[in-house]
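These notes concern the structure reproduced below.
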Number of protein chains: 2
Amino acid sequence: MTEIHDHSACISTAMDRVERRCRAEGLQLTPVRRRVLEILLEEHRALGAYDILDRLRAEGMGSQPPVAYRALEFLMKHGFVHRIETLNAFVACTGGEIDDPHMPAFLICRTCRRVIETPAENGRGRLETAAEGAGFAIEHAVREAEGLCATCRAAS
Amino acid sequence: MTEIHDHSACISTAMDRVERRCRAEGLQLTPVRRRVLEILLEEHRALGAYDILDRLRAEGMGSQPPVAYRALEFLMKHGFVHRIETLNAFVACTGGEIDDPHMPAFLICRTCRRVIETPAENGRGRLETAAEGAGFAIEHAVREAEGLCATCRAAS
DNA sequence: TCCGTGTTGTAACGTTATTACATGAGTTAC
DNA sequence: GTAACTCATGTAATAACGTTACAACACGGA
């Protein structure tokens, strides 16, 4: 995997940010939770819960689905990880706003399976516009697009 | 279920439109496919593939998952039915644009489970804006919001 | 020390979706 | 007419994704 950026630095920066926030809020970043986050940061793409579970198993950290799902639930609850609905998979948050709840949009490449998290915008999108018209109160929004990323487009 | 609109008329209008389009394009609206579409129109909400399969089974129209999934695949391919990713479920298309490929947004009520399909807009949404900036070519977009519909909000 | 809360371990199960292969119905080509 | 082809269906088995339920353990107060 040729990386444009310094991947290990990218990981440690993200981990630092998460650790700081956990200390600040008294959240327990236990070994399993920390390891799941690291795995997702290392891969830098969407992984299924069972992919993660396989890695945990290989490292002797729990072998049953709830172990992975519980860690993911914790990480998602606090915005460190996002769920990609169209893939039934999970990615580490790469938005700058790990310290803020946000409703990001994702661009998912169908060939390299990388996921680009786009920065949150506060303006009204289509969903908000439609919701207003219908008197609908949005609690959670999913915005995901599948297609070809710039790199894969160039390669084809 | 108290309906505000004339439900049977709504169903037959939708069926007519689908039939016309199938004739026009030489698509085979077979008994199973037709029945699956009718079931979704009758319910007027998102149904899981196995819910649909149960109904088919009860009517003697096939009992194995592929029967339902194949019919849904056909109906989705031609825009008669949409998949709701956040529910792993399916709804009949209620947009006026059954004759046009469209990328609708959905408002999903978490209490009554109704799904509001919003009319397609052709403007740039967040996803398009983000994609442009990243050189990403969108092939399919998913926009779904969960929350409370106007009726359920009023009731609480 | 006892209780309450939160985390983990484990087995079993439930739900959603796909693969693989066989059969049948209709169409076209020769 | 029949062989070859395409498209739709029937069926069994399996894969992939996710949850429930309960036991055990650790830690911080009252």
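We name chains A, B, ... by the order of the sequence lines, and we start the count at 1 in each one. Computed over heavy atoms, backbone and side chain alike; hydrogens, waters and symmetry mates excluded.
- A/L56 has its CG atom 15 Å from the C1' atom of C/dT10, to the nearest Å.
- Rounded to whole Å, atom C1' of C/dT8 lies 18 Å from atom OH of A/Y69.
- Among the protein residues, B/R70 comes within range of the nucleic acid bases, having at least one heavy atom under 4.0 Å from a base atom.
- Annotation: of the two residues near DNA chain D, B/N88 and B/F74, the 5′-most nearest-nucleotide partner is B/F74.
- Projected onto DNA chain C by closest heavy-atom contact, B/D51 and A/V67 fall at different nucleotides, the more 5' of which corresponds to A/V67.
- Considering only the side chain of A/S63, C/dT10 comes nearest among D/dT11, C/dT10, D/dT9.
- Applying the 4.5 Å side-chain rule to ILVMFWY residues, one finds B/I84, B/L87, B/V91, B/I108, B/V115 in the same cluster as B/F106.
- Side-chain nitrogen and oxygen atoms of B/Q64 include none within less than 4.0 Å of the OP1 or OP2 phosphate oxygen of D/dG10.
- Rounded to whole angstrom, the span from the CZ atom of A/R57 across to the P atom of C/dG9 amounts to 13 Å.
- Residue A/T30 places at least one side-chain N or O under 4.0 Å from the OP1 or OP2 atom of C/dT8.
- The distance between atom CG of B/L72 and atom C1' of D/dT9, rounded to the nearest whole Å, is 15 Å.
- A salt bridge links A/R83 and A/E85; the closest N-O separation between the charged side-chain nitrogens and carboxylate oxygens is under 4.0 Å.
- When rounded to the nearest whole Å, the span between CE of A/M61 and C1' of C/dT10 equals 16 Å.
- Side-chain proximity of B/R33 to C/dT8, D/dG18, D/dT9: nearest is D/dT9.
- Under the 3.5 Å distance criterion, the side-chain polar atoms of A/R45 are left unmatched by any main-chain donor or acceptor of A/R113.
- Taking atom CD of residue B/E73 and atom P of nucleotide C/dT18, one finds them 8 Å apart after rounding to whole Å.
- In this structure, B/M76 atom CE and C/dA17 atom P are separated by 9 Å, rounded to whole Å.
- A salt bridge links B/E43 with B/R55: the distance from a Lys NZ or Arg NE/NH1/NH2 to an Asp or Glu carboxylate oxygen falls below 4.0 Å.
- Nearest-nucleotide assignment on DNA chain D puts the 5′-proximal partner with B/P65, out of A/F90 and B/P65.
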>> One pair to check against side chain to side chain donor-acceptor pair (under 3.5 Å): A/E144 and A/T86. What are the steps and the verdict?
In response: CA-CA 7 Å; A/E144 298 173 8; A/T86 51; 2.7 Å; yes

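- Dashed line: the shortest gap from a side-chain N or O of A/R83 to OP1 or OP2 of D/dG18 is under 4.0 Å.
- In this structure, B/L87 atom CG and C/dT15 atom P are separated by 16 Å, rounded to whole Å.
- The side-chain ring of A/Y50 is stacked on the base of D/dC17, judged by centre separation under 5.5 angstrom and plane angle under 30 degrees.
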